[in-house]
Every structure is written in C-alpha cells, then in structure tokens.
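No hydrogens, no waters, no symmetry mates; every other heavy atom, side chains included, goes into these values. Each chain gets a letter, A, B and so on, in the order its sequence line appears, and its residues count up from 1.
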Protein chains: 2
Amino acid sequence: MKLGEGVEAAIHCAATLASVAGNSTMPGAALAESFGLSPSYLLKHLNQLTAARILESVPGPAGGYRLARAAERITLLDIVLAIEGREPAFRCGEIRRNGPVKLDASAYIKPCGVNAAMLWAESAYRAVLAETRLSDIVAEYAAEGDPRAFAASCAFVERHQRPQKSNPTKQTPARS
Amino acid sequence: MKLGEGVEAAIHCAATLASVAGNSTMPGAALAESFGLSPSYLLKHLNQLTAARILESVPGPAGGYRLARAAERITLLDIVLAIEGREPAFRCGEIRRNGPVKLDASAYIKPCGVNAAMLWAESAYRAVLAETRLSDIVAEYAAEGDPRAFAASCAFVERHQRPQKSNPTKQTPARS
DNA sequence: GATATCGTACTCGGATATGGGCTGTCCGAGTAACCACGG
DNA sequence: CCGTGGTTACTCGGACAGCCCATATCCGAGTACGATATC
C-alpha cells in the first residue's frame with residue numbers, strides 16, 4: 001500500500017495547468033522546473049495523463065500540454081487511476097481454493113468475503129477521490145494558500161504559457 | 001497503489017485462527033497447507049502479525065499461533081496496517097516548495113491541499129476497514145459461504161489445532 | 001515586395017538502464033514433549 | 001511406581017538470494033517557426 005510519487009507530481013501539474021488560460025499550452029520542461037523535478041521523468045507521467053484523455057499535447061515549438069477538459073470535470077480519481085492503473089489495489093488470489101481438500105467449483109460460486117470487504121473499502125476511497133474536483137484543489141489553493149506562493153505560481157504560469165492558434169479540431173491527433 | 005499479496009494470506013489465516021477454540025494453537029505449517037502457500041514465506045507475515053500484537057506465538061512442539069484477543073476486537077485495518085505498514089500510502093514530498101522561486105518557510109505553514117485531500121480519502125478507506133471486524137468475516141463466511149467449504153475448513157482446524165496447558169501468563173515473552 | 005522552400009530548433013513519445021522493495025528460501029535459537037534411568 | 005535428567009524433534013525467528021516494478025535517463029520522430037533564395 002504505497003502510491004508512487006508520480007501521483008503527487010501529476011496532481012500538482014494538473015492544478016498548474018488549470019491556471020493556463022484558454023487553449024494555451026505549457027511545456028513539460030516548464031512544469032518540471034516549476035516543481036524541481038526531472039523533466040525527462042515527468043514526461044512519462046504527463047504522457048500517461050495524455051493517454052487517459054486528461055491532458056492534451058501539442059507537439060512542435062510553442063507546443064506543450066493543456067487540460068483536455070474543464071477543471072470542474074476532472075477529479076482526483078481520474079488522475080490517480082491514470083497514474084496507478086485502474087485495477088483495484090487488492091487482488092484476490094482465491095487462496096481459499098488452494099487448500100488440501102479439493103472441492104468442486106460449485107462450492108465457490110459466492111465471491112470471497114475478504115475480497116468483498118477490501119473492495120468495499122477501496123470503493124469508499126475512490127468515492128472520496130471522485131468527489132474532489134481539480135477545480136476544488138485550485139480554489140482551495142487560491143483561497144487558503146499563502147498569497148505570495150499563489151502569486152509566484154501565477155507569474156510562473158503567465159511567463160511560460162504559450163498561446164495557440166485557434167485550431168480546436170486537430171489536437172492530439174494520433175492514438176495508437 | 002497495489003497491496004502485497006501477503007495481506008490476503010494474513011486475513012485468511014487470522015480468520016482461520018478465529019475458529020480455533022480457547023487457547024489452543026495452530027502451527028504455521030498447517031495454515032500454509034490450508035491455503036497452498038509456502039510455509040517459509042507465510043511465517044514472515046505471521047511474524048509481522050505477532051509483532052503487531054494481533055497474534056500470539058507459542059514455541060516448541062505442540063506450539064503455533066493463536067489470536068492475541070477476541071475476533072470481535074480485531075479489525076481488518078489492524079491486519080492491513082500490520083502487513084503494509086502504518087504510514088499513509090500517499091507521501092507528500094512538498095514539491096510545491098521546490099520551484100525556482102524560493103519563498104520563505106512562512107509561506108508554507110498551511111498544509112498542502114493535495115496532501116490533505118489524499119489523506120482524507122485514505123482516512124475514509126481506513127474507516128471502512130476499521131468497521132469490519134474479523135468476527136464479521138468469519139460470520140459472513142459461515143452464513144453465506146458454501147456449507148461444504150465451511151465444514152472442510154472446520155474439520156481442518158479441528159485436526160490441526162493443538163491444545164495448550166492453561167498457562168495464560170507466560171506467552172510471547174520476549175519483545176525486542 | 002511577396003512567396004515558396006529549406007533548415008533549424010523545440011516539442012513530445014517511446015525504448016533503454018538502474019535501484020529498492022516484495023517475494024521466496026534457508027538455517028539457527030529455543031522450548032516442550034518424550035524416553036530412559038535411577039530411586 | 002514416581003521423580004529426574006538427557007535427548008529429541010518440532011516450533012518460531014531472523015538472516016540470506018531472486019525477481020519484478022517504479023525510478024531515472026537518453027535518443028529519435030514530428031512539427032511549427034524563421035531565414036533565405038527566387039519570382
């Protein structure tokens with residue numbers, strides 16, 4: 001039970017991108033610099049977010065990343081699942097069947113109670129994450145956070161965002 | 001976000017030990033055989049449960065493991081924390097401070113909102129696990145599970161449990 | 001001066017090494033049962 | 001027959017390798033911008 005540290009980076013990057021106006025983009029290198037992370041490694045996580053349709057990428061000079069949809073329609077659950085994978089954390093190996101007494105498969109038609117309990121707990125975890133929108137994170141940061149830090153963040157975004165020629169049709173073209 | 005498979009083994013073993021009567025014990029080898037697991041490896045997890053005061057171990061011949069307290073007072077959270085560790089899954093690296101603009105530490109007296117949201121979700125996860133007692137798992141298994149599997153499990157326990165001479169004072173003596 | 005063409009520089013994307021932790025196994029310390037012996 | 005000592009065998013506990021995934025990095029494909037040569 002340990003989340004990769006890429007989750008933290010992904011959430012902070014998404015929150016930063018939420019401050020980018022319109023369809024402007026921000027390069028991954030700028031995001032990495034914003035949090036003191038390795039640019040090459042952060043690209044991997046940003047790529048995962050792009051594959052999950054949370055971010056959009058624009059190649060070429062003046063390219064970068066932006067949110068694929070409004071921050072109100074992105075939840076923390078989306079980001080966590082994009083980074084950590086969609087399968088549940090608890091995987092039932094059905095070890096109850098591996099005992100010395102071999103029973104017919106009809107004895108195990110009922111799902112494993114342990115698995116059900118663990119999955120129920122995890123559904124509660126995911127429900128809370130699903131209730132937290134990215135816009136909530138940004139709003140809480142703007143309201144509760146230190147004004148200096150917020151201003152510095154906004155200035156950094158303003159300095160590194162690259163406006164795009166309005167071409168909303170052709171973006172993130174290929175998907176293998 | 002992926003739990004080790006030792007959690008599943010630990011829960012099933014604890015549920016099995018809940019069926020052991022009185023202060024009798026059950027060897028780890030029998031528990032491993034009961035689920036088709038490697039005895040040597042299961043010992044590691046049972047040892048963790050013992051260190052967490054969930055199980056008690058009795059050395060020597062006719063020794064083994066038993067629950068340290070009633071199954072009603074053992075929750076799934078206890079077992080999960082004993083195996084996976086007590087620290088939260090999400091570790092905030094405070095990457096918001098690592099940006100190029102160096103601010104005074106007074107700008108970060110407020111806790112990180114991302115960290116708070118993730119920890120809040122995890123507290124919901126743990127709350128559900130804390131509400132599920134080991135006795136609930138056993139009762140659900142006895143009521144909902146297949147009667148044949150339950151009877152086989154009870155017979156296995158009955159065959160492998162070792163009664164102890166009533167000596168409740170001196171058990172699990174040393175703790176380093 | 002306007003336009004087509006070429007070169008360049010910047011971006012993302014995937015393929016490639018490395019390290020830590022979970023997995024799996026082994027051997028040693030300790031203890032209670034068992035048995036032999038003596039009283 | 002009962003008590004005592006030694007042996008034995010069984011248990012747990014911790015120390016030792018192996019493998020897989022997350023981490024970290026690099027290089028290549030693709031694209032828009034800018035300069036340049038031409039009309």
>> How many whole angstroms separate atom CZ of R66(B) from atom C1' of dT11(D)?
In response: 14 Å
> Within this structure, what is the CD-to-P distance between E84(B) and dC22(C), rounded to whole angstrom?
Replying inline: 7 Å
>> Go through it in stages, so that I can follow the logic: the residues are T50(B) and N47(B), the test is side-chain hydrogen bond (donor to acceptor under 3.5 Å, both in side chains), and I'd like the CA-CA distance, side-chain angles, deciding distance and then a yes or no.
In response: CA-CA 5 Å; T50(B) 304; N47(B) 193 7; 4.9 Å; no
> Between dG13(C) and S57(A), is there an OP1 or OP2 to side-chain N/O distance shorter than 4.0 Å?
Replying inline: yes
> When you match M1(A) and L46(A) each to their closest nucleotide on DNA chain C, which lands nearer the 5' end?
Replying inline: L46(A)
>> Are more than 12 heavy atoms, taken from residues, nucleotides or ligands other than R73(B), located less than 6.0 Å from that residue's CZ atom?
In response: no
>> Using whole Å, what does the distance between atom C1' of nucleotide dA22(D) and atom CD of Q48(A) come to?
In response: 10 Å
> Which heavy atom in V138(A) sits nearest to a heavy atom in A15(A), and how many Å separate them?
Replying inline: CG2-O, 3.8 Å
> Tell me: CD of Q161(A) to P of dT11(C), nearest whole Å?
Replying inline: 15 Å
> So which of residues 2-12 of chain A are in contact with DNA chain D, with a heavy-atom cut-off of under 4.0 Å?
Replying inline: G4(A), E5(A)
> Which listed nucleotide (dC12(D), dT11(C), dT23(C)) is nearest to the side chain of H45(B)?
Replying inline: dT23(C)
>> Can you tell whether the side chains of E56(B) and R66(B) come within less than 4.0 Å, N to carboxylate O?
In response: yes
> Which whole-number value in Å describes the distance from E87(B) CD to dG21(C) C1'?
Replying inline: 13 Å
> Just wondering, do T25(A) and Q161(A) contact through their side chains at under 4.5 Å, heavy atoms?
Replying inline: no
> So do the side chains of T132(B) and I137(B) get within less than 4.5 Å of each other, counting heavy atoms only?
Replying inline: yes
> For L37(A) and dA22(D), what is the distance between atoms CG and P respectively, to the nearest whole Å?
Replying inline: 18 Å
> How many Å lie between CZ on R162(A) and C1' on dA9(C), as a whole number?
Replying inline: 12 Å
> So, is N47(A) close to the dC12(C) phosphate, meaning a side-chain N or O under 4.0 Å from OP1 or OP2?
Replying inline: no
>> Whole angstroms only, please: what is the CD-P distance between Q164(A) and dT31(D)?
In response: 14 Å
> Shortest non-hydrogen contact from L3(B) to R91(A)?
Replying inline: O-NH2, 2.7 Å
>> Quick one, L67(A) and L134(A) - any side-chain contact, counting heavy atoms below 4.5 Å?
In response: yes
Restricting both atoms to N or O, compile the protein contacts to nucleotides 25-30 of chain D shorter than 3.5 Å, with distance only.
from	atom 1	to	atom 2	distance (Å)
dT25(D)	OP2	S38(A)	OG	2.8

> Closest approach of P88(A) and R126(A), non-hydrogen atoms and distance?
Replying inline: CA-NH2, 3.7 Å
